[in-house]
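This report concerns only the one structure given below.
Note on naming: letters A, B, ... go to the chains in the order of the sequence lines (proteins, then strands), and numbering restarts at 1 for each one.
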Amino acid sequence: MGKIAEFLKSLRRKVKHAVGYVYEMVAGIVFWGFFVFILMQVFSRYVVHSPLHWTEEFSRVFYVAMIFLGSAVVMDEQFRFDLGINFVKRHSLLGYKILNLFIDIVVSIVLSYLVVGSYNRTVSGWTKVLPLTGIKVAYLYIPLLAGTALILICTLMDIGVNLFSLGQKKEVDGR
Amino acid sequence: MMTHFVSIFIVGFFVTLAVGIPIVYGLAGVSILYLILGRGFDFPPDLLVVPMVQSVNSFILLAVPLFFFLSRLMNESGLTDRLFAFVNALVGHFRGGLGHVNVLISMIFAGMSGSATADAAGPGAMEYKAMVDQGYSPEFSAGVSLGSALIGPIIPPSIPVMIYAAVTELSPTALLMAGLVPGILIGLAQMGVVAYSCRNRPKMPRASLRTIWNTFAKTFLVLLTPFVLIIGISAGIFTATEAAAIACIYALFIACVVYRTVSFKKLISVTRGVVQDTAVVMFVLSTATFYGWMLTRLRIPVMVVEFLMSLSSNSFVITIMVVIFLLAMGCFFSTAVGLIIVAPIVHPVALAIGFDPIHFGIVCIVTMVYGSATPPVGSSLYALMQVTKLPMEKLARGVLPFLIVSIAIVFLMIFVPQISLFFPNWVLGR
């Protein structure tokens with residue numbers, strides 16, 4: 001059982017590292033794209049005096065993409081109170097593992113809703129376009145789908161790690 | 001039935017926090033629970049997803065990554081070192097000179113950065129080291145650095161202001177301008193604390209006019225950045241987002257072309273930091289939007305207003321109660337997260353008691369900002385703990401006098417609204 005937990009833990013780390021790296025790179029490029037569109041907007045409005053309205057729509061699409069791809073990268077740093085969980089940890093390792101399992105299950109349920117919801121919107125958004133740029137609305141939801149899907153996969157692996165390490169006397173935290 | 005929903009909603013949120021579920025999933029989880037209870041398991045998950053995307057798809061919030069970029073670029077490029085040399089030459093000879101330098105740099109840096117954590121981790125770290133090297137106690141040095149870092153998000157630009165404006169749909173320009181005078185006042189009050197604490201310290205030799213001029217010449221271009229932002233926004237030339245973009249391109253130009261202190265590698269590191277900073281805050285905002293919508297649907301803000309009105313009919317008393325509540329909230333939530341959660345609740349209070357929402361908003365923002373320096377959850381506190389290696393108790397003790405005078409300024413702001421409203425009323429003709 002312990003070996004499966006260790007394997008899942010290492011697999012999670014590799015998946016998070018590899019996919020997270022790609023997401024981070026794309027999010028970084030998207031940030032610069034967003035920045036360029038904002039500058040084009042300022043330039044067109046104040047220098048050329050002929051505002052390019054489509055630049056704002058582009059910058060928003062890029063901004064949304066940056067947020068949801070970036071959030072998948074920083075998923076382990078999401079803010080949480082660890083007072084309760086640390087209290088349990090001090091008193092019972094098994095209790096701590098069960099609590100961790102419970103947290104991961106709640107997180108995976110939330111993420112499942114977000115993945116299904118963003119998938120539905122991506123599918124339905126394929127036929128709709130944004131008014132100024134003609135970009136498909138689906139592109140607004142694809143980053144959320146990609147981001148939440150990665151977090152969900154990692155959380156499911158965390159559940160596996162916690163589940164297979166329940167009987168062990170040492171702590172094997174997925175994160 | 002409604003009361004049951006309200007109880008489940010509020011208790012559920014605190015239970016998720018207590019057991020250690022990350023706040024972002026706690027907010028979404030309680031929202032899902034509400035939907036399941038109201039509509040059964042077959043509600044469309046799109047209901048959650050659409051507000052998530054729409055909430056961050058806002059022009060006001062486009063400024064947030066740009067403000068993060070500006071503060072990170074200033075820190076990475078060593079532009080703050082130049083600022084330090086100039087301000088030290090200017091006020092370093094007073095008693096407690098480096099303490100004054102610390103506060104003054106934070107006030108200038110606040111005009112370029114919208115985040116207290118960026119100030120604590122950048123100039124704060126540098127100033128702390130300089131102060132300890134000159135014989136100041138580590139506790140006092142860290143206290144000044146942490147206290148003055150809080151000015152960062154009060155003087156425009158400000159990330160918390162943009163978030164509050166986006167959530168409450170108030171004018172970001174007016175809110176930004178409303179932070180200027182209180183920010184300066186807080187800085188001056190903190191300089192007063194430095195002067196009192198260092199009254200027995202020896203004076204340092206005064207810098208020559210040539211040194212002042214030389215350091216000024218080296219810093220001049222950096223000093224222009226806050227002016228680009230503040231004058232650009234207050235004169236109505238640019239929106240906050242456009243001004244942020246112009247300030248970013250200006251800072252990039254001086255860092256990459258004029259001073260040549262930013263390499264491609266550093267730029268990648270800045271970009272990574274900006275993406276991560278923005279993603280953390282905005283992901284919480286996106287999940288909190290549905291939560292906020294449900295707060296309104298369950299009439300929780302109305303209940304809060306009615307509850308406060310039942311305690312007192314005096315608007316000042318109600319505002320003080322809100323401030324005390326926010327100070328307590330600030331201990332447990334980071335500034336941005338706290339504002340995202342409380343803004344939909346406290347904004348209707350301002351409207352109900354007849355306070356100017358801009359004035360009330362800036363009071364709430366300033367109060368929540370202080371939370372970033374208080375244990376157990378304070379992002380600036382942790383940033384400075386990493387730098388100084390001081391235990392939390394020592395840092396908290398060091399920052400206490402600075403927090404006390406800063407809170408006193410908030411109470412002054414409550415009773416004298418003109419402190420925050422004078423500047424926006426003047427420049428925007430409100």
Side-chain angles (χ1 to χ4, degrees), chain A residues 24 27-32 34-35 38-39 41-42 45-46 56 59-61 63-64 66-75 77-86 88 99-100 102-103 106-121 124 140-141 143-145 147-148, chain B residues 16-26 28-29 31-32 35 44-50 52-54 56-59 61-62 64-66 69 237-238 241-246 248-249 268 271-272 274-287 332-334 337 376-377 379:
Chain A
E24 197 172 27
I29 294 166
V30 163
F31 167 74
W32 283 100
F34 150 81
F35 187 40
I38 294 268
L39 287 178
Q41 195 180 331
V42 174
R45 184 168 300 167
Y46 298 104
E56 186 185 322
S59 56
R60 286 184 191 204
V61 174
Y63 183 56
V64 170
M66 180 182 77
I67 290 166
F68 291 119
L69 291 177
S71 62
V73 179
V74 290
M75 63 185 175
E77 286 149 43
Q78 290 297 342
F79 172 75
R80 74 171 182 180
F81 289 101
D82 38 23
L83 296 172
I85 203 164
N86 281 343
V88 176
L99 184 57
N100 248 338
F102 168 74
I103 291 171
V106 172
V107 170
S108 60
I109 291 170
V110 170
L111 286 167
S112 305
Y113 273 103
L114 298 183
V115 168
V116 174
S118 49
Y119 173 78
N120 289 347
R121 297 305 297 186
S124 64
L140 277 173
Y141 292 92
L144 179 60
L145 175 61
T148 48
Chain B
T16 56
L17 287 184
V19 296
I21 293 173
I23 198 162
V24 66
Y25 304 114
S31 308
I32 290 171
L35 285 171
D46 311 29
L47 273 180
L48 279 170
V49 166
V50 175
M52 270 182 84
V53 171
Q54 292 308 326
V56 291
N57 188 7
S58 135
F59 185 69
L61 292 174
L62 297 184
V64 172
L66 300 173
F69 180 79
I237 304 169
F238 314 119
T241 307
E242 291 166 348
I246 290 168
C248 283
I249 202 76
I268 289 177
T271 308
R272 282 183 71 176
V274 171
V275 167
Q276 293 185 3
D277 291 344
T278 312
V280 169
V281 176
M282 289 300 137
F283 197 40
V284 179
L285 179 78
S286 67
T287 51
F332 298 99
F333 294 95
S334 69
V337 174
V377 181
S379 51

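Using a 4.5 Å heavy-atom cutoff, the side chains of A/Ile103 and B/Pro22 are in contact. Looking at A/Phe68 and B/Met52, their side chains come closer than 4.5 Å, going by heavy atoms from C-beta outward. A heavy-atom distance below 4.5 Å is not found between the side chains of B/Tyr25 and A/Val106.
When all heavy atoms of B/Val275 and A/Gly70 are compared, the closest pair comes out as CG1-CA, 3.9 Å. Minimum heavy-atom separation, B/Pro65 to A/Met66: CB-CE, 3.8 Å. Closest of all the heavy-atom pairs between B/Ala279 and A/Val74 is CB-CG2, 4.1 Å.
In this structure, A/Phe31 and B/Phe69 have tilted ring planes: the angle between them lies in the 30° to 60° band.
Of the two parts of B/Thr16, neither the backbone nor the side chain holds a non-hydrogen atom closer than 4.5 Å to a non-hydrogen atom of chain A. For A/Leu144, the part lying near chain B is the side chain, with the backbone staying farther off; criterion is any non-hydrogen pair under 4.5 Å. Looking at B/Val281, neither its backbone nor its side chain comes within 4.5 Å of chain A, counting heavy atoms on both sides. Of the two parts of A/Leu69, neither the backbone nor the side chain holds a non-hydrogen atom closer than 4.5 Å to a non-hydrogen atom of chain B. Contacts between B/Leu62 and chain A at a heavy-atom distance below 4.5 Å involve backbone atoms as well as side-chain atoms. In this structure, chain A has heavy atoms under 4.5 Å from both the backbone and the side chain of B/Ile249. Proximity to chain B (any heavy atom under 4.5 Å) is shown, for A/Tyr119, by neither the backbone nor the side chain.
Within the model, atoms SG of B/Cys248 and CD1 of A/Ile38 stand 9.5 Å from one another, a figure rounded to the nearest 0.5 Å. Rounding to the nearest 0.5 Å places CD of B/Gln54 at 7.0 Å from CG of A/Leu140. The CZ atom of B/Arg272 sits 4.0 Å away from atom CD of A/Glu24, with the distance rounded to the nearest 0.5 Å.
Residue with the most contacts toward chain B among A/Phe102, A/Tyr46, A/Phe35: A/Tyr46 (heavy-atom pairs, distance under 4.5 Å). Among A/Leu111, A/Val64, A/Ile67, the residue with the largest count of heavy-atom pairs under 4.5 Å with chain B is A/Ile67. Per-residue heavy-atom pair counts under 4.5 Å with chain A were compared for B/Leu47, B/Val53, B/Val56, and the maximum is reached by B/Val53. The candidate from B/Val64, B/Leu66, B/Thr278, B/Val49 with the greatest count of non-hydrogen atom pairs under 4.5 Å with chain A is B/Val49. Most heavy-atom pairs under 4.5 Å with chain A, from the set B/Val50, B/Ile268, B/Thr287: that is B/Val50.
Side-chain N or O atoms of A/Tyr113 include none that pairs as donor or acceptor with a backbone N or O of B/Ala28 at under 3.5 Å.
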